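Below is one structure; the comments refer to it alone.
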Number of protein chains: 2
Amino acid sequence: MDTIVQKYGGTSVGTIDKIKAVAKKVIDRKQKGDNVVVVVSAMGKSTDHLIDMAKQISENPNKREMDMLVSTGEQVSISLLSMAFHEFGFDSVSLTGFQAGIRTEGAHTKNRISDIDIENVKKHLNDGKIVVVAGFQGINENGDITTLGRGGSDTTAVALAAKLKCTCEIYTDVEGIYSVDPRVWPDAKKLDNISYEEMMEMASLGAGVMETRAVEIGCKYKIPIYVASSHGNTKGTYIKEYDETMEGKAITGLSISDDVLMVTVNNVLQNSKNIALVFERLAKYNVNVDMISQTAPFNGYVNVSFTTSKEDEKTIDQITKELKEVIEGIKVSKDSNITKVSVVGIGMMKQAGVAAEIFSIFSDNDIEFKQVTTSEISISYTIDAQDKQKAVTVLAKALNL
Amino acid sequence: MDTIVQKYGGTSVGTIDKIKAVAKKVIDRKQKGDNVVVVVSAMGKSTDHLIDMAKQISENPNKREMDMLVSTGEQVSISLLSMAFHEFGFDSVSLTGFQAGIRTEGAHTKNRISDIDIENVKKHLNDGKIVVVAGFQGINENGDITTLGRGGSDTTAVALAAKLKCTCEIYTDVEGIYSVDPRVWPDAKKLDNISYEEMMEMASLGAGVMETRAVEIGCKYKIPIYVASSHGNTKGTYIKEYDETMEGKAITGLSISDDVLMVTVNNVLQNSKNIALVFERLAKYNVNVDMISQTAPFNGYVNVSFTTSKEDEKTIDQITKELKEVIEGIKVSKDSNITKVSVVGIGMMKQAGVAAEIFSIFSDNDIEFKQVTTSEISISYTIDAQDKQKAVTVLAKALNL
């Protein structure tokens, strides 16, 4: 008897009828003889409703309490789904993060899974139950309820699959992984397979379908991840180990992110301590910094730009205030009208000239970029948000994505 | 520094503004120098909303999952209240039942507190925090989330006070304990004090303000319980140890319950085994039986009546089906158009003739009763629901309540 972990997102369990439909889909699998662990997110917009209430109390609610509040969303969906299994005549048990043994560490609202004590899940599976686990949440060493941050349910699902040494299936509202976001480039091709490494780049660069950390865990433990639509039976995409047959093209996909805040610190007296101060302060406030660029010194002063998530904007304002007190004369500006476009492909490692090709595509089409960064398998550009559609269209056409 | 436990019910935390108002009230107390533990119920109608969703999935939802679902209600209110304390500049922590160390035993949806591991609450109090605890819930020996059933938040509050050896204040939407439910008898008097024993009788007989088990715990550990309105500063009622000064009158109060289902089992062949079978089956299904009466045998057959809660009606139907298979020829009838009226007073123990007085009041006013039961400090009658107002009026007047 095989074990499988299936994950259904918030849209897939957004109504009572949808919960029943998920239950039937899981039961189909169970009846084929598999042990099933189901990970679910909170129902549709319920998390937004909880956050709204918190915002009515405080502009910046205490984060431990925010985790306590928001984690109720999954607790509602797991209990309702488990009731549906019982109603359809199947034994089932729902488990919150702490009951499923999901230990976390890190800052509230942004925790990471440190380990899973899988015994309770295994015990219930051995009893023949369909085990329903709350995604997105866990418990830290203080016994506080924690959440994993955006996309955390994917991470829960893949981490459980890693512990159970089984495949993880992610059911969502898209039909798989596309070479380009189909909302921006409707001709985008659905991929049958993508390597962990490419998917990680795509995810971290903003492809939106899968959380990077989830793919990272899949990669580390060699757990195949299958991404498909929760409706119907259209074939989805396997995220798995890199395989020579995948390497047809240099570029596998294009990823686009609008959640970019570009921050520029001007007029910094050239002194490595000053630059360090900036990034130490960002780290202290748990701000994830993405692209960093620094101009050559001029008259003893340098400018530093970096990008971060728009949701950190208020924290950036606080940090700016603090920095102005310790670094004399600096000026900080923010630009949120920015899009990041990245090209990703494991084939890039072996094919030269990709960067050159893209620079000339941009140049031919009068697209200016503000920052460029490269990794072994990707190149990212920040551009004006108004150039986004044009950039995606010319790149997708030229690279045949 | 004194410690105090305050409990606020669902109506008192029904909206964000009300949550803020509760926070301010608690802060007033904290600023007077007391350590405060606040126990809260779920916001207003939120529990009903959760139950509605469950009922859309199953007419008879799995009870373990029901506890899992319903317990989210308090988790929402504790986190929001704790956020409000933070917002007003006071350190605070919210704790679910399991985090507050509340161990329970018994059947799901009807658990009892078996013990409280109070260390976590004490630690946070010692750190100067306002500790907000989810009422109504706990965790059982399997690590399942449980609920305490109706009025369970009062029980949580008094049990915490017992462990902390401090007074428990119950803030609610009434101004205290009245001699008679003011909705039925508007001239009812508010009591300054009532003994635990009287309050337990009042509560178990349906007075509705306080849960019996909560008063029982107060009594066992000699914890004074103060019941008052969550709005304003009107003086409430102390529930405390019996004191000679309370004993002015034989009758302290009148309690009325409409949640009565009278079940009559007719045509039972006289045989102690048969009667035992009936009550064994009721016990097996966790049906709480209240008043029991049995007719004298006639032609070798007896009839047995008992009362229970209306919410057990479906369970009674199931039990009836099972009983008919094992006891030949029995007939079972149900009557839910019943009210129970009880007179309560510790003075009854020392004053004779109370029963006689009430029998003659009923007789003078043509009120027929179906069953009578007595305890040391109370006498209860079941009557037709249509006689309720009349019975309450004549008793309240005659007994000067």
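Quantities reported herein were computed from a predicted structural model and do not represent experimental measurements. Each chain gets a letter, A, B and so on, in the order its sequence line appears, and its residues count up from 1.
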Under a 4.5 Å heavy-atom criterion, the part of residues 63-90 of chain A in contact with chain B comprises A:R64, A:E65, A:M66, A:M68, A:L69, A:S71, A:T72, A:Q75, A:V76, A:I78, A:S79, A:L80, A:S82, A:M83, A:A84, A:H86, A:E87
Whatever's closer than 4.5 Å to a heavy atom in chain A on B:I145 counts as both
With the side chain counted from C-beta on, respond yes when B:I139 and A:F98 share a heavy-atom pair under 4.5 Å apart, and no when they do not. yes
When rounded to the nearest 0.5 Å, the distance separating CD1 of A:I16 from NZ of B:K55 is 13.0 Å
Applying a strict 4.5 Å limit to non-hydrogen atoms, the region of A:V93 in contact with chain B is both
(request) Mark yes when over 12 heavy atoms from residues, nucleotides or ligands other than A:Q31 sit less than 6.0 Å from its CD; otherwise mark no. (result) yes
Do other residues, nucleotides or ligands put more than 12 heavy atoms under 6.0 Å from A:K310 NZ?
yes
Q) Do other residues, nucleotides or ligands put more than 12 heavy atoms under 6.0 Å from B:E59 CD? A) no
Neighbour count above 12 (heavy atom, 6.0 Å) for B:N233 CG: no
So, the part of B:Q56 with a heavy atom under 4.5 Å from chain A: the answer is both
